[in-house]
Amino acid sequence: MHAYRTHTCGELRKKDVGTRARLSGWVNRRRDHGGLIFIDLRDHYGITQCVVEPDSPAFATVDKARSEWVLTFTGHIEARTEDTINPDMPTGEIELRIDEASVQGTASDLPVPVFGDLEYPEETRLKYRFLDLRREKLHKNIILRSKIISSVRRRMIDQGFMEYQTPILTASSPEGARDFLVPSRLHPGKFYALPQAPQQFKQLLMVAGFDRYFQIAPCFRDEDARADRSPGEFYQLDIEMSFVTQDDVFAAVEPVLHGVFEEFAEGRKVSPAPFVRIPYEESMLKYGVDKPDLRNPLIIADVGSVFDREDVAFKAFKNKTVRAVPAPGAASQPRSWYDKLEAWAKTEQGAAGLGYIVFEDKDGVLTGKGPIAKFLPPEAQAELAKIVGLKAGDAVFFSANAKKDRAAALAGQVRIKLGRDLGLIDDSKFEFCWIVDFPMYEWNEDEKKIDFSHNPFSMPQFDREKFLALDPADQDTILGIKAFQYDIVCNGIELSSGAIRNHDPDVMLKAFEIAGYKREETEVKFAGMLNAFRYGAPPHGGTAPGIDRMVMLLAGVDNLREIILFPMNQRAEDLMMNAPSEATLKQLRELHIRVVKPEKE
RNA sequence: GGGGGCGUAGCUCAGUUGGUUAGAGUGACGGCCUGUCACGCCGUAGGUCGCGGGUUCGAGCCCCGUCGCUCCCGCCA
């Protein structure tokens, strides 16, 4: 007989009755009836009830066992009597009658109990992560993560992609997030950087002729955390393809994402491929964000024209961008509901206010009520109702601002809040869409200059010769240029960002020049890539869906720590391993590093 | 860097207008219990009320500061 087990704790069934079996696992739960002791023994695969009576030679050992001790039990599998069968357990028809027991490991009092699903403080859970990981929910989430990643790999390989590894110790990337730096021992004063993404490497792979690349790639960015953004490190399904148009990339990625989501949806609906494509500008108008949650049925409308009518005298909205968010059925809400929303808009969104009109049926005529309704004569109210699509019993909220972007953004936040507060979001669905035609550049108000709005490596949607001839002073034209740049969004979460890349060195130099980088500067910063593009570069493009966010969506959790094995806390500390920690003097000396701590005030 | 929320037993939480010895449930430990599966019953231990200062005859409660956790903004090509 094997030293530790003949079966796992999840596999014994009625057909095994009479078998002599050996099980090893943790004490999930102990029930002591004086003479009779039940132990639920748990391993990765399941739980099996084991029972011992005082006449067994194993009784003394079992009697002293406590929660989470690791034990090995040997005995015969017996059928449970009709009235003691537990239909809630896969192994509930049988039990193991213990006649040999040995202790493989004892356990101290538990700071986090494994049995049960009581909430525990995040700090304790992180410090004792190995205990937390034994708990049913987290254990299940991590298994789900593994299965999702396997499925992704299989689907990518089936589509002719190959997985390649790219360096972890590499060069600092000149754009984007803050880098993690690694000091070089051999080169005093010089540093490697951890990759923010394998962006340049995957493009170089295309230049090297590998055609269809993917990698479950670790990415490192030294930026502050959020609930859906790990501090420091995360994983992307990094993808790049040669000789492709935007549509080819979509056609390659859609079946993978759709397939994976269908596979793990467990009854939830997944929007069919091809996914809806929404131009950036349309998304900003209708949803007020570039990552719309399409489960939310509300559509924002531009109603500036209504407030600019000569018969409308509401000065606060004149000559401004005014966006309207419908609130179907909200007429029945009490005044306090509207007051609360306005307070939310002012405090949390920094809005000047949040105007609204409630529409009711008055003798067959749709009539507006509320603080600003009186500024709109019946004709203007009718026009408003028509544009927004309002009926009696609905309300409408207004977001007005001299700056178009600000008006759109507040409307977007109002739309999200109304969708939630009015219970309009069906959480049994996964709604995918592509956001396309992102602007290539944007105006940086602080520095009064033109910036890349997203990925500086994207190909502009502009005639090559005309692009090369652009005068940086021609701001209107430049700010109107779109890029072959696209995002995948699911349920209001940005899953990935991608682009058809700029593989033309002249266009690239020009693109950076427009964003304020001198040609010589670009030549130095992107020497590797520019140089490669001068030796025959294929047109190429790709994208990089976030693995962690995919798993979050499929696991139905709203925090990354529920789907990552050993996460750091919000301050980027690993409480279990004590990272970061100080280096020894010897280590620092070898690295030619001297620590200068910030002065405390 | 900024803003919000939270901080009372290992854990989840209660604690009245500032007033006697700070409670409950759960977990731990001990006892009883031969069919439980959130077993049951009885008992015991367990507290710097995050920390420091202040107001007061008296502070878990009020004030100031500070620390920790968390969520958000900035940031994340």
Side-chain angles (χ1 to χ4, degrees), chain A residues 28-42 47-56 59 64 66-68 78 80-89 91-92 95 97 107-128 131 173-179 196-197 199-200 219-232 234 344 347-350 409 413 438 440-442 446 451-458 483 485 487 494 497-499 501 511-512 515 517 525-526 544 546 558-559 561 569-571 573 575 598 600:
Chain A
N28 194 58
R29 193 76 177 146
R30 179 178 181 278
R31 289 179 297 280
D32 184 351
H33 288 244
L36 183 72
I37 300 173
F38 294 101
I39 300 265
D40 290 339
L41 201 66
R42 183 196 73 241
I47 294 176
T48 299
Q49 174 167 288
C50 305
V51 61
V52 70
E53 291 184 37
D55 55 359
S56 165
F59 186 82
K64 70 181 181 196
R66 291 292 178 267
S67 286
E68 297 307 309
E78 296 184 350
R80 296 205 207 175
T81 58
E82 198 66 31
D83 57 324
T84 59
I85 285 173
N86 185 344
D88 298 331
M89 291 171 72
T91 62
E95 63 195 5
R97 185 152 302 255
S108 310
D109 264 10
L110 302 168
V112 181
V114 176
F115 172 78
D117 63 348
L118 282 174
E119 301 247 337
Y120 262 70
E122 198 78 45
E123 201 176 353
T124 316
R125 292 180 57 195
L126 289 174
K127 187 167 177 192
Y128 297 95
L131 288 178
S173 130
E175 280 284 320
R178 199 175 292 116
D179 285 314
Q196 295 181 21
Q199 179 66 38
Q200 295 189 64
C219 305
F220 306 89
R221 295 176 192 174
D222 189 3
E223 295 292 350
D224 291 345
R226 289 287 183 279
D228 65 347
R229 203 169 77 205
S230 296
F234 59 96
W344 163 84
T347 56
E348 292 190 40
Q349 302 299 324
Q413 294 305 313
F438 276 83
M440 182 86 187
Y441 299 103
E442 65 189 13
D446 294 337
D451 271 350
F452 287 111
S453 72
H454 286 81
N455 186 328
F457 302 119
S458 303
Q485 158 90 39
D487 282 1
E494 183 194 317
S497 194
R501 320 296 173 185
F512 275 83
Y517 297 86
K525 282 184 171 172
F526 297 98
D558 52 16
N559 194 300
R561 290 186 291 267
N569 67 8
Q570 198 172 30
R571 299 191 357 164
E573 295 164 317
L575 298 176
K600 275 204 173 172

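Residue numbers begin at 1 in each chain, while the letters A, B, ... track the order of the sequences.
A distance-only check finds a donor-acceptor pair linking the side chain of A/Asp32 to the backbone of A/Gly34 [under 3.5 Å]. A donor-acceptor distance shorter than 3.5 angstrom exists from the side chain of A/Glu223 to the backbone of A/Arg178, with no hydrogens or angles considered. Checking side-chain atoms of A/Arg66 against main-chain N and O of A/Ala107 turns up no donor-acceptor pair under 3.5 Å. Under a 3.5 Å cut-off, the side chain of A/Thr91 and the backbone N or O of A/Ile47 do form a donor-acceptor pair.
Rounded to whole Å, the C1' atom of B/G15 lies 9 Å from the corresponding atom of B/U8. Comparing B/G60 with B/A22, their C1' atoms sit 8 Å apart, to the nearest whole Å. A distance of about 44 Å separates the P atoms of B/C37 and B/C62, rounded to the whole Å. To the nearest whole angstrom, the two C1' atoms, one in B/C69 and one in B/U36, are 39 Å apart. Atom C1' of B/G50 sits at a distance of 6 Å from the matching atom of B/G7, rounded to the whole Å. The same atom, P, is picked in B/G65 and in B/G4; the two are 12 Å apart, to the nearest Å. Only the P atoms considered, B/C72 is 32 Å distant from B/U16, to the nearest whole Å. Between the C1' atoms of B/U17 and B/C61, the separation comes to 10 Å (whole Å).
Across all strands shown, A/Asn569 has heavy atoms under 4.0 Å from sugar-phosphate atoms exclusively, and none from any base. Within the nucleic acid shown, A/Arg501 has no heavy atom closer than 4.0 Å to any nucleic acid atom. A/Glu442 comes within 4.0 angstrom of no nucleic acid atom, judged by non-hydrogen atoms across all strands. Residue contacts shown for A/Asn559 are limited to sugar-phosphate atoms, with no base heavy atom under 4.0 Å away.
Contacts of A/Asp222 classified as salt bridge (charged side-chain N to carboxylate O under 4.0 Å, His left out), with partners at least two apart in sequence or in another chain: none.
Among the nucleotides B/C72, B/U36, B/G1, the one closest to any side-chain atom of A/Arg226 is B/C72. Checked against B/C37, B/C39, B/C33, the side chain of A/Arg29 finds its nearest nucleotide in B/C39.
Nucleotide B/C76 holds its C1' atom 15 Å from the CD atom of A/Gln199, rounded to whole Å. Between the C1' atom of B/C11 and the CG atom of A/Asp117 lies a distance of 13 Å, rounded to the nearest Å. Between A/Arg80 atom CZ and B/G35 atom C1' there is a gap of 9 Å when expressed in whole angstrom units. Taking atom CD1 of A/Ile37 as the reference point, atom C1' of B/G31 lies 14 Å away to the nearest angstrom. Rounded to a whole Å, the CG atom of A/Leu118 is 10 Å from the C1' atom of B/G25. Summarising the geometry, the separation between CG on A/Asp109 and P on B/A9 is reported as 17 Å, rounded to the nearest angstrom. Across the protein-nucleic acid pair, A/Glu123 atom CD and B/U12 atom P stand 12 Å apart, rounded to whole Å. Atom CZ of A/Arg31 and atom P of B/U34 are 16 Å apart (whole Å).
A sub-4.0 Å separation between OP1 or OP2 of B/C71 and a side-chain N or O of A/Arg561 is present. For B/U36, the OP1/OP2 oxygens have no side-chain nitrogen or oxygen of A/Asn86 closer than 4.0 Å.
For A/Asp222 against B/C76, no side-chain N or O and base N or O form a donor-acceptor pair under 3.5 Å. The base of B/G35 does not come close enough to the side chain of A/Asp83 for any donor and acceptor atom to sit less than 3.5 Å apart. Between the base of B/C29 and the side chain of A/Arg66 there is no donor-acceptor pair shorter than 3.5 Å.
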Trace of the side-chain contact (heavy atoms from CB on, under 4.5 Å) decision for A/Asn455 with A/Gln199: CA-CA 10 Å; A/Asn455 186 328; A/Gln199 179 66 38; 4.2 Å; yes
Step-by-step side-chain contact (heavy atoms from CB on, under 4.5 Å) determination, A/Glu68 to A/Phe115: CA-CA 9 Å; A/Glu68 297 307 309; A/Phe115 172 78; 5.8 Å; no
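For CG of A/Asp55, the number of neighbouring non-hydrogen atoms (other residues, nucleotides, ligands) closer than 6.0 Å is greater than 12.
Here A/His33 lies parallel enough and close enough to stack on the base of B/C39, with planes under 30° and ring centres under 5.5 Å apart.
In the model, A/Asp179 has a side-chain atom that pairs as donor or acceptor with a side-chain atom of A/Gln196 under 3.5 Å.
Contacts between residues 48-55 of chain A and RNA chain B, defined by a heavy-atom separation under 4.0 Å, are made by A/Gln49, A/Glu53.
Remark on RNA chain B: of its neighbouring residues A/Gln570 and A/Tyr120, the 5'-side contact belongs to A/Tyr120, judged by nearest-heavy-atom nucleotide. Between A/Ser67 and A/Asp40, the one whose closest nucleotide on RNA chain B sits nearer the 5' end is A/Ser67.
Contact check for A/Leu110 versus A/Tyr128: no side-chain heavy atoms found under the 4.5 Å cut-off.
Remark: A/Arg42 does not engage A/Asp40 in a salt bridge, criterion side-chain N to carboxylate O under 4.0 Å.
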Under the 3.5 Å Watson-Crick or G-U criterion, the dot-bracket string of RNA chain B, with | for inter-strand pairs: (((((((..((((.....[...)))).(((((.......))))).....(((((..]....))))))))))))....
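Under the 30°/60° scheme for interplanar angles, the aromatic rings of A/Tyr517 and A/Phe512 are found to stand perpendicular.
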